[in-house]
Asks: 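Shown below is the structure under consideration.
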Amino acid sequence: MSQTQKLFARFETNHTFHTGISTGIGLSLVKELLVLLHGEISVESSVGKGSIFSVRLPRNYSAFTSDSEVEFILKDNPQDTSVTGNQVQQRDNESVSPQQTAEKEITVLIIEDNDELRRFLGNILRREYVVLEACDGRQGWWLTEREIPDVVISDIMMPEMDGIEYLRTVKENHNTSHIPVILLSAKASVEDRIQGLEYGADDYISKPFSSVYLKARIQSILKQRRMLYEFYTNQLPASQTPPHRIDPDQLAPSVPQVTSFDDEFIRKVIASVEEQMQNPEFRIDDLADAMGMSRTVFYRKLKAIVGLTPTDFVKSMRLKRALQLLDTDQYTISEVAYMCGFTTPQYFSKVFKDSMNCSPKEYKLKRDS
């Protein structure tokens, strides 16, 4: 091995034994870092004149594509489709209908005061989700109230409103308490993690973190939401016969992510639908008013918790009540239609067949056979 090659060997001091001059680690560390970056270092040295060290780093994306250890490459994206708080504010006067909201993909709000990290998070999540961005907790809270995102990723140390204060605000508000929040922080002690979880965080991830792990946690949270949807829809009674009321106690939550506000919200929705079960004029606006929410906020909150739009949720309740009535053999199909709030028996039959793959008459015949 030549003398110049030895320069990059660990603990090589060129036979210098003077304390404090060299440990033989510096150039070795530089070379190891450059290898990780697919670069190289070389040296040209002349006795009595000095040495010239040259560092080369790849500039093209292809140099990293075959590296299994590389998770991402930060780069400027001229076609950035993330939405910032200012961009949302510019469209403040535009109306957003529930139909438009239903067509949107899952929305992730990123609250981070570090511009580079915020752009990085947006880049790795944008392919799968609609991304909203806020530079501090106050702007993040404004976006949360307006957009009702499906998941929030928030830093803790931020100006204006920090992550803990933001989290507390989200979880104490009836309109937003259902939104999962993932906290990011450089503080990795057990005490810091416990504090974040005590305030209602759905996860606490220490910096630096793996982008693969972050995406896996988001997917896990969304999966739990789907389980929650199945839980609530399965709990809607189908065998209880009138005139008994649905017992709200049957809806005791079993999923950890459900807050008391969300449980109370679902109980109240079901009770309101039951009270208006026979009213064909009962509108979604009336249901939203009963919850004390705007139509848009009510739509997004119910959709996030149970996976159904308000219209589909009410329709599901009416169909379950129809099954209860049909099973009693005390009413005609027309009577069941009107008792469940359908405008006409024909419309009831259509909705029933779309859901059950058979008409009400065929259902009764199959049940009795």
Side-chain angles (χ1 to χ4, degrees), residues 98 101-102 104 106-107 144-145 147-152 167-181 199-202 220-279 282-324 340-341 351 355:
T101 306
K104 291 175 68 175
I106 292 170
T107 300
T144 302
E145 282 192 296
E147 300 296 319
I148 312 294
D150 296 287
V151 180
V152 174
L167 176 63
R168 186 191 302 115
T169 304
V170 168
K171 296 303 180 180
E172 291 179 353
N173 187 288
H174 288 259
N175 294 347
T176 59
S177 59
H178 67 284
I179 299 175
V181 178
Y199 279 109
D202 292 78
S220 176
I221 288 173
L222 294 173
K223 182 179 179 180
Q224 289 174 332
R225 284 287 161 181
R226 288 191 291 271
M227 292 170 60
L228 179 62
Y229 152 64
E230 294 173 0
F231 167 76
Y232 276 125
T233 53
N234 290 336
Q235 291 298 309
L236 296 177
S239 59
Q240 188 175 348
T241 56
H244 301 294
R245 295 288 301 279
I246 294 177
D247 183 3
D249 292 335
Q250 295 182 7
L251 290 167
S254 62
V255 181
Q257 276 65 30
V258 183
T259 66
S260 59
F261 288 153
D262 300 338
D263 186 37
E264 178 185 351
F265 170 76
I266 292 298
R267 293 169 189 248
K268 194 173 179 181
V269 170
I270 292 175
S272 297
V273 173
E274 278 222 293
E275 290 176 2
Q276 299 293 331
M277 184 68 73
Q278 299 186 38
N279 180 10
F282 184 56
R283 302 175 306 160
I284 301 305
D285 288 341
D286 299 326
L287 188 55
D289 289 341
M291 299 300 107
M293 298 178 177
S294 69
R295 180 187 177 99
T296 300
V297 171
F298 173 70
Y299 175 96
R300 291 174 177 170
K301 185 175 179 74
L302 185 67
K303 184 73 162 54
I305 294 178
V306 302
L308 295 173
T309 65
T311 300
D312 290 337
F313 185 85
V314 172
K315 190 182 296 182
S316 175
M317 291 282 289
R318 293 189 191 278
L319 284 173
K320 287 181 178 290
R321 176 51 58 85
L323 290 171
Q324 297 170 3
C340 294
V351 173
S355 177

Asks: Decide yes or no for Ser316 and Leu319: does some side-chain heavy atom of the first lie under 4.5 Å from some side-chain heavy atom of the second?
Replies: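 The answer is no, as the side chains (C-beta and beyond) never meet within the 4.5 Å cut-off.
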Asks: Would you find a donor on one side and an acceptor on the other, under 3.5 Å apart, between the side chain of Asp150 and the backbone of Ile106?
Replies: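 Flag not set: sc Asp150 to bb Ile106 has no pair under 3.5 Å.
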Asks: Judged by atom type as modelled, is there a donor-acceptor pair below 3.5 Å linking the side chain of Ser355 to the main-chain atoms of Val351?
Replies: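 Looks like no, no N/O pair under 3.5 Å.
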Asks: Could you state the interatomic distance from CZ (Arg300) to OG1 (Thr309), rounded to the nearest 0.5 Å?
Replies: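 The distance works out to 14.0 Å.
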Asks: Using modelled atom types and a 3.5 Å cut-off, is there a donor and acceptor pairing between side-chain atoms of Arg321 and backbone atoms of Cys340?
Replies: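 Answer holds: no.
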Asks: Can you tell me how far the NE2 atom of His178 sits from the CG atom of Asn173, to the nearest 0.5 Å?
Replies: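 Taking NE2 in His178 and CG in Asn173, the distance rounds to 10.5 Å.
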Asks: Between Leu302 and Phe265, is there a side-chain heavy-atom distance shorter than 4.5 Å?
Replies: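 Counting from C-beta outward, Phe265 and Leu302 do come under 4.5 Å.
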Asks: Let me confirm one number: the CE-CG distance from Met317 to Asp312, rounded to the nearest 0.5 Å.
Replies: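 Between atom CE of Met317 and atom CG of Asp312 there are 13.5 Å.
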Asks: Distance-only, no hydrogens or angles: does the Lys301 side chain make a donor-acceptor pair with backbone N or O of His174 under 3.5 Å?
Replies: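 Such a contact is found between Lys301 side chain and His174 backbone.
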Asks: Within the structure provided, determine whether Asn175 and Met293 are in side-chain contact (heavy-atom separation under 4.5 Å).
Replies: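 The answer is yes; the side chains approach within 4.5 Å.
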Asks: Drop me the distance from Phe282's CZ to Arg318's CZ, to the nearest 0.5 angstrom.
Replies: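 Reported value, rounded in 0.5 Å steps: 7.5 Å.
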Asks: Supply the atom-to-atom distance Thr176 OG1 to Ile179 CD1, rounded to the nearest 0.5 angstrom.
Replies: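 It is 5.5 Å, given to the nearest 0.5 Å.
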Asks: How close do Ala290 and Ser272 get, heavy atom to heavy atom, and via which atoms?
Replies: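 In terms of heavy atoms, the two residues are closest at CB-OG, 3.9 Å.
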Asks: Without swapping roles, check the side chain of Lys171 against the backbone of Val181 for a donor-acceptor pair under 3.5 Å.
Replies: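 Not a single qualifying donor-acceptor pair exists.
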Asks: State the CD1-CD distance between Ile148 and Glu145, to the nearest 0.5 angstrom.
Replies: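 Separation between the atoms: 7.5 Å.
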Asks: Is it true that a side-chain atom of Asp286 and a backbone atom of Arg283 form a donor plus acceptor pair closer than 3.5 Å?
Replies: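 Looks like yes, one N/O pair under 3.5 Å.
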Asks: Kindly indicate whether the side chain of Val170, heavy atoms from C-beta on, has any atom under 4.5 Å from the side chain of Ser177.
Replies: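 A side-chain contact under 4.5 Å is absent here.
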Asks: Quick check against the 3.5 Å criterion: does Arg295 have a side-chain atom that pairs as donor or acceptor with the backbone of Ile284?
Replies: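 Judged by distance alone, no pair lies under 3.5 Å.
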Asks: Is there side-chain contact between Val269 and Phe298, with heavy atoms separated by less than 4.5 Å?
Replies: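 Side chain of Val269 against side chain of Phe298, heavy atoms only: contact under 4.5 Å found.
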